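Nothing fancy with the numbering, it's 1 onward along the sequence. Quantities reported herein were computed from a predicted structural model and do not represent experimental measurements.
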Amino acid sequence: MSADFWAGYLSGAIGIIIGNPLDIVKVRLQAATSRTPAALTPSPSPSSPLLPASSPTPASRLRPSAALSTGTAAPILGYGALNALLFVSYNRSEAAINGFMATRDSLWATWLAGAIGGLSTWVVSTPTELVKCRAQVSSPAASSWAVTRDIWSTGGIRGLYFGGVVTALRDSIGYGFYFWSYELATRCWPSSPDDTHNAPRVLLCGGLAGIVTWASVFPLDVIKTRLQTQPWASERDPALYSKRLGALAVAREALQQGGLSVFFRGIAVCSIRAFIVNAVQWAVYEWTMKEMGSGREPLVNPTAVVLG
């Protein structure tokens, strides 16, 4: 397989290991105080993972016994593959777009290629996000495998893709800004043409790209999380299974419950996590590509910013 596949896989897996504890906090903050119709209110079980409306502080979201591992298995496997698919799709799409448009180093082409790359990850990201989120907010704690088995037994393959539309929209927009902001930051960074792999530059630009990405899609991510963490304990009853709220209904309910601020709950924690995780991911990706002989070509004019 290509160098960008393995570089993407390795960087994605390492990023998840580093960022999982803060990701648990983010997901639980986003899912907190979610309420569904009384008929859907379940008793606590691995298949009904919604957190209670209490536990208002970020610290309370981390249960000591499970804080470092809850929902880790699915992301490590899923996001390694997702990141590999993302970088392969992005690199191929950018080359094709630049060739078709007869442009070079265009940031618009970079954003579009990132959006295409993000959309291509949908087949992996939707089930991975669903299992991860439900495992992270489960009470009592449930493993990724237990959550996957439960989803499969109640909904089959279709169940694993619940929330797929909003996930695809989030990934397409978010990854467009991900690659766009990283490329913009690297071009604006004062550097000489021969230090493309300079560690501080890659770390800072990668971290900033992570923050920009999440800032651009955080409300969508809140909707996705609340959508996918609805109680499913009654799903074995087909009549109740069909009453799960859709994305628009979840958004309206969230707005009624907490106003506009609910769509930004957890963004501070997410930004800290995004900076750390994406700084490391980009450093690992760039280093791996360089070691495999497929590193970036130095920019002729690294301070130039081409917008179109």
Side-chain angles (χ1 to χ4, degrees), residues 12-34 49-76 78-79 82-83 118 121 125-139 141-142 144 147 163 166-167 169-171 173-175 177-178 206-230 247 250-251 254 257-258 260-281:
I14 291 176
I16 285 298
I17 293 172
I18 293 173
N20 194 63
L22 285 177
D23 189 55
I24 295 172
V25 178
K26 174 189 78 81
V27 169
R28 292 180 181 174
L29 284 170
Q30 290 177 331
T33 72
S34 295
L50 262 183
L51 292 173
S54 56
S55 303
T57 63
S60 67
R61 307 295 176 192
L62 285 175
R63 294 191 296 271
S65 61
L68 298 179
S69 60
T70 303
T72 305
I76 288 178
Y79 279 109
L82 184 152
N83 225 45
T121 66
S125 64
T126 300
T128 300
E129 281 286 313
L130 178 63
V131 172
K132 172 185 74 74
C133 289
R134 296 187 71 78
Q136 287 177 341
V137 301
S138 60
S139 179
S144 297
V147 171
V166 69
T167 302
L169 187 60
R170 182 203 67 165
D171 289 350
I173 296 172
Y175 282 120
F177 282 105
Y178 183 60
L208 290 175
I211 293 176
V212 170
T213 300
W214 281 106
S216 69
V217 295
F218 199 79
L220 277 173
D221 189 60
V222 171
I223 295 171
K224 180 204 69 66
T225 296
R226 294 168 77 97
L227 176 70
Q228 293 183 327
T229 56
Q230 294 179 76
V250 166
Q257 290 176 6
L260 289 175
S261 64
V262 75
F263 295 108
F264 297 93
R265 182 180 295 156
I267 193 170
V269 171
C270 182
S271 296
I272 295 171
R273 174 188 175 275
F275 186 91
I276 297 171
V277 168
N278 288 282
V280 172
Q281 281 187 334

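Between atom OG1 of residue T167 and atom CG of residue D221 there is a gap of 8.5 Å, rounded to the nearest 0.5 Å. Here F218 contributes atom CZ and T225 contributes atom OG1; the two are 8.0 Å apart, rounded to the nearest 0.5 Å. Note that CD1 of I16 is 7.0 Å distant from CD of Q281, once rounded to the nearest 0.5 Å.
Of all the heavy atoms in F177 and T213, the pair that sits closest is C-OG1, 4.1 Å. The two residues V131 and S144 make their nearest non-hydrogen contact at CG1-O, 3.5 Å. When all heavy atoms of F263 and A251 are compared, the closest pair comes out as CZ-O, 3.5 Å. T229 and A31 make their closest contact through OG1-CB, 3.7 Å (heavy atoms, listed as atom of the first residue, atom of the second, distance). The minimum heavy-atom distance linking G12 with N83 is given by the pair N-ND2, 3.4 Å. What you find for S138 and A135 is that their closest heavy atoms are OG-O, 2.8 Å.
Side-chain contact between D23 and Q136 is present, with heavy atoms from C-beta onward closer than 4.5 Å. Between F264 and V222 the shortest side-chain heavy-atom distance does not fall below 4.5 Å.
Tested against C133, the residues Q228, R226, Q30 include a single side chain to side chain contact (heavy atoms under 4.5 Å, CB included) partner, Q228. Partner L22 forms a side chain to side chain contact (heavy atoms under 4.5 Å, CB included) with one of V277, V27, V269 and no other, that one being V269.
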Does I173 form a side-chain contact (heavy atoms from CB on, under 4.5 Å) with L220? I'd like the steps, not just the answer. CA-CA 10 Å; I173 296 172; L220 277 173; 4.2 Å; yes
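The backbone N or O of G19 lies less than 3.5 Å from a partner atom in the side chain of R273, making a donor-acceptor pair. With hydrogens and angles disregarded, no donor-acceptor distance shorter than 3.5 Å links the side chain of T128 to the backbone of S125. Put simply, the side chain of N278 gets close to the backbone of A274: a donor and an acceptor are under 3.5 Å apart. Side-chain N or O atoms of R134 include one that pairs as donor or acceptor with a backbone N or O of Q230 at under 3.5 Å.
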